[in-house]
There are 4 protein chains.
Amino acid sequence: MGSTTTPRRSNTRQRIQDVALKLFLEQGYEKTALREISDELGVTKAALYYHFKTKEDILVSLFLDLGRKMDELIAWGKRQPRELTVKQELLARCSVIFHDAAPLFDILIANQATLDALSVGQDFKDRVAALSDLLQEENSSLNARVRCATSLLTLHFGTFAIRQLDGDPEEKRLALLAGATELLTSAHEGVLSGVAGPSAGVPPEG
Amino acid sequence: MGSTTTPRRSNTRQRIQDVALKLFLEQGYEKTALREISDELGVTKAALYYHFKTKEDILVSLFLDLGRKMDELIAWGKRQPRELTVKQELLARCSVIFHDAAPLFDILIANQATLDALSVGQDFKDRVAALSDLLQEENSSLNARVRCATSLLTLHFGTFAIRQLDGDPEEKRLALLAGATELLTSAHEGVLSGVAGPSAGVPPEG
Amino acid sequence: MGSTTTPRRSNTRQRIQDVALKLFLEQGYEKTALREISDELGVTKAALYYHFKTKEDILVSLFLDLGRKMDELIAWGKRQPRELTVKQELLARCSVIFHDAAPLFDILIANQATLDALSVGQDFKDRVAALSDLLQEENSSLNARVRCATSLLTLHFGTFAIRQLDGDPEEKRLALLAGATELLTSAHEGVLSGVAGPSAGVPPEG
Amino acid sequence: MGSTTTPRRSNTRQRIQDVALKLFLEQGYEKTALREISDELGVTKAALYYHFKTKEDILVSLFLDLGRKMDELIAWGKRQPRELTVKQELLARCSVIFHDAAPLFDILIANQATLDALSVGQDFKDRVAALSDLLQEENSSLNARVRCATSLLTLHFGTFAIRQLDGDPEEKRLALLAGATELLTSAHEGVLSGVAGPSAGVPPEG
DNA sequence: TATGAATGAGTATTCATTCAT
DNA sequence: GATGAATGAATACTCATTCAT
């Protein structure tokens, strides 16, 4: 008792995921060869296949958690009344989820052409579409619809894009959320003047 | 009047570009084999090499026009005073350029991981950064900076994303521009009410 | 005119087929690696892929002629009346075809487990079944049916097996054919005493 | 009465053999991965290695019984005088052995290319050759020799081939044996007119 | 009796690119 | 202006086998 034996279960599986995440981020999913992953880990390619059935399987395993969280949020959203405050809360919770999984979003965004052909890409698209639906108001104007869609998009792509700005990450997240929420809120205010004007549509100032 | 000589250059070069654009869009740059392009054209792979030095070269040729237009806009922006109206005009002109080159943006966005390693991707990133700089105000709050960045982003990714929404393309473009302009404008108004609700929480502004 | 230029079309395709046939015979289809074929030819594996789409494609190309000849024979057989003499002629023509394609039969027989999963194996089985059908008499006894089936089989497997016997090939072929024809003929004679006897069925002598 | 000890040896070894036999039959020896065997048994691949030294060893174990029986028959044959009746009895006993071990014959025949490189294949070939020798008459004509060889062959390949014919298995076996015996018997009758004739050697019909 | 983890050598296939003609 | 033939380097994946526990 009180045995000090080392754990029988090695942590190789976890280490594969870590290295894969890193390399997928740095080089993209397609351009990352399994050999690179195994080399970095000091194991053989075949070892990867002991832990994962395919290369895609490694990728999928990385997204399991995120998928679960998004599904929970969607389920929650469906149980709520369709009110602006609920939608704002939805956006806020999205913001948290997205930022927690920031590296995964990088991969998702940077490898779209590749992931679109994979279940992982389709699943994610479906979930974002479900969330987007929850934000939409029926029978609203095109302007409103574009704004609703854009509000989620801002979070989605913004998460990925604001990293290069200086500043505290949490502050930046909140600033991004603020912008997105504004977009969403403005879509729910009756007065959305059909904006368009001179020179390619810039609204006349003043 | 007008030249009477028929063009000596066959249109194969152009046809290669057309097919390449189509396939890069449908399948991604990396997953499109040169054989697919040549097959669709009814020529051999080797024929492509008569017209273009490398596969990347085909891609680059597709982006020449867009690059030129963006450079012109950046140059124009630099000659203008740093005023909100100028920035709004900048956004509007961007909107036009982006929408005219919509398919190229699809490629850019969907193939980021790949294009980041290529000159074409870096050049574009540089240009967007230059435009983003033109929108920024010095010494502004983080909130303002995020919004400025987001306004351009909205245009950039939105162009790509609103295609799945119903509605007239031009109307959608203007709606998207309106949202972006709003974001930009709000960044230049002192009062940035922190919109957001409970939980996940935007800090209440004093 | 009277140009002495070497042929532009290299004979590589043919040489691939020759080497493949040889190695498939010596080692079996599955155990023959494409690398072995290309090595023996002094080209790279990729060169094989210029001439054939897949490994299976090389195999298939080897069987094209044989398939055609068997189809012609089957077609011929179907046009003839169902008489013993016709069947004997069928067997005789089979004998010629089989012996001409002897190496292919070796491959077919020795690699059954593998080829059964490939079109080449199925196609061949179908053709042999069609020939076997042409030899059968309707409403004949089990004894007769087994003999008819066996007569073709004798040719099929015998072709492959008598090679190790000494003697002139053509003589051996005729001897094999004679045995097969006997089997077929006896199936068409009324008197097929239900053979069976003592100790596991040896016919009682004399 | 009887031993009261339960068998210490688990039946895993037997179960491995059963599953292996089934899969070797269905898919061929080479295409059956050890993982498939262990999966079907609900054990790990490594477990197989506790019971058998190699994959080939599993195969070999399957053929032990058949080999013994054939050796006994050969030994018996060698002790007998070289008479037609003995040869007929030899054929009859062969028929029984072959039919009892029908699945093994399927494997042997369908995997020749593979098994030829293995002891199991060579051993079997040797035994069949020994049996064939026992059937042969010294100084007989080519025709007679081909017939003797063919008679055994008919049994060997026929066993495998008549399964697709309708009818009672035992009846079919006897019919096959009858054909084979006829071939053998005719080889021992003096008059074997050198059959050959017009058009690829069909005997002229009376 | 068995397993978890890993290996090493191999396989078919793909692709951008080259070059003599 | 284009082709036929070929290359070299890479890739995902499979499999029998080993061994400490």
Side-chain angles (χ1 to χ4, degrees), chain A residues 5-13 16 30-38 41-58, chain B residues 8-13 30-38 41-58, chain C residues 5-13 16 30-38 41-58, chain D residues 8-13 30-38 41-58:
Chain A
T5 56
T6 52
R8 258 180 249 348
R9 282 194 150 261
S10 89
N11 58 336
T12 303
R13 199 189 139 92
I16 291 171
E30 202 121 51
K31 301 236 289 192
T32 299
L34 292 187
R35 187 186 40 73
E36 297 179 274
I37 298 179
S38 60
L41 281 169
V43 298
T44 61
K45 258 186 300 171
L48 305 187
Y49 280 93
Y50 177 77
H51 294 282
F52 297 93
K53 255 176 53 153
T54 62
K55 184 185 180 187
E56 187 179 348
D57 221 50
I58 301 180
Chain B
R8 246 183 246 53
R9 284 189 150 261
S10 86
N11 60 336
T12 301
R13 200 189 138 91
E30 201 124 51
K31 302 233 291 191
T32 299
L34 291 187
R35 188 183 40 71
E36 295 179 275
I37 299 178
S38 60
L41 281 169
V43 298
T44 59
K45 256 188 300 176
L48 305 185
Y49 279 88
Y50 178 81
H51 294 281
F52 297 93
K53 253 178 52 146
T54 64
K55 185 185 181 187
E56 187 180 349
D57 223 49
I58 301 180
Chain C
T5 56
T6 53
R8 257 180 250 349
R9 283 194 148 261
S10 89
N11 58 336
T12 303
R13 198 190 140 93
I16 292 171
E30 202 121 52
K31 301 235 290 191
T32 300
L34 292 188
R35 187 185 40 72
E36 296 179 274
I37 299 179
S38 60
L41 281 169
V43 299
T44 61
K45 258 185 300 172
L48 306 186
Y49 280 92
Y50 177 78
H51 294 282
F52 298 93
K53 258 176 52 154
T54 62
K55 183 185 181 186
E56 187 180 349
D57 222 50
I58 300 180
Chain D
R8 247 181 247 53
R9 285 192 150 260
S10 86
N11 61 335
T12 301
R13 199 188 139 91
E30 200 124 52
K31 301 234 290 192
T32 299
L34 291 187
R35 187 184 40 70
E36 296 179 274
I37 298 178
S38 60
L41 281 169
V43 300
T44 60
K45 255 187 303 175
L48 305 185
Y49 280 89
Y50 178 80
H51 294 280
F52 297 93
K53 252 180 53 149
T54 64
K55 184 185 181 186
E56 187 180 347
D57 223 49
I58 301 180

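At whole-Å resolution of the value, CD1 in C/I58 and C1' in E/dT11 are 14 Å apart. Rounded to whole angstrom, the span from the CD atom of B/E56 across to the C1' atom of E/dC15 amounts to 16 Å. For the pair A/Y50 OH and F/dT18 C1', the computed distance is 13 Å after rounding to whole Å. One atom, CZ of D/R35, and another, P of E/dA6, lie 18 Å apart when rounded to the nearest Å. A straight line from OH of D/Y49 to C1' of E/dT3 spans 15 Å, rounded to a whole angstrom. When the P atom of F/dG4 is taken as reference, atom CZ of C/F52 falls 16 Å away, rounded to whole Å. Summarising the geometry, the separation between CG on B/N11 and C1' on F/dG1 is reported as 12 Å, rounded to the nearest angstrom.
Residue-to-nucleotide contacts include no donor-acceptor pair under 3.5 Å from the side chain of A/K45 to the base of E/dT7.
Comparing the start and finish of the helix from E/dA2-F/dT21 to E/dT21-F/dA2, five pairs each, the helix axis swings through 20°, to the nearest 10 degrees.
Remark: B/Y49 pairs with B/L34 by the side-chain contact (heavy atoms from CB on, under 4.5 Å) rule, at least two apart or across chains. In this view, C/K31 and D/E30, D/A117 satisfy the side-chain contact (heavy atoms from CB on, under 4.5 Å) rule, not counting sequence neighbours.
Judged by distance alone, with hydrogens and angles left aside, the side-chain atoms of B/K55 form a donor-acceptor pair with the main-chain N or O of B/T32 at under 3.5 Å.
Between F/dT11, E/dT17, F/dT18, one nucleotide has an atom nearer to the side chain of B/T54 than all others, and that is E/dT17.
Note on B/A33: only backbone sugar-phosphate atoms sit closer than 4.0 angstrom, heavy atoms only; bases stay farther off.
D/S38 is not listed as a side-chain neighbour of D/T44, based on a closest heavy-atom distance of 4.5 Å or more.
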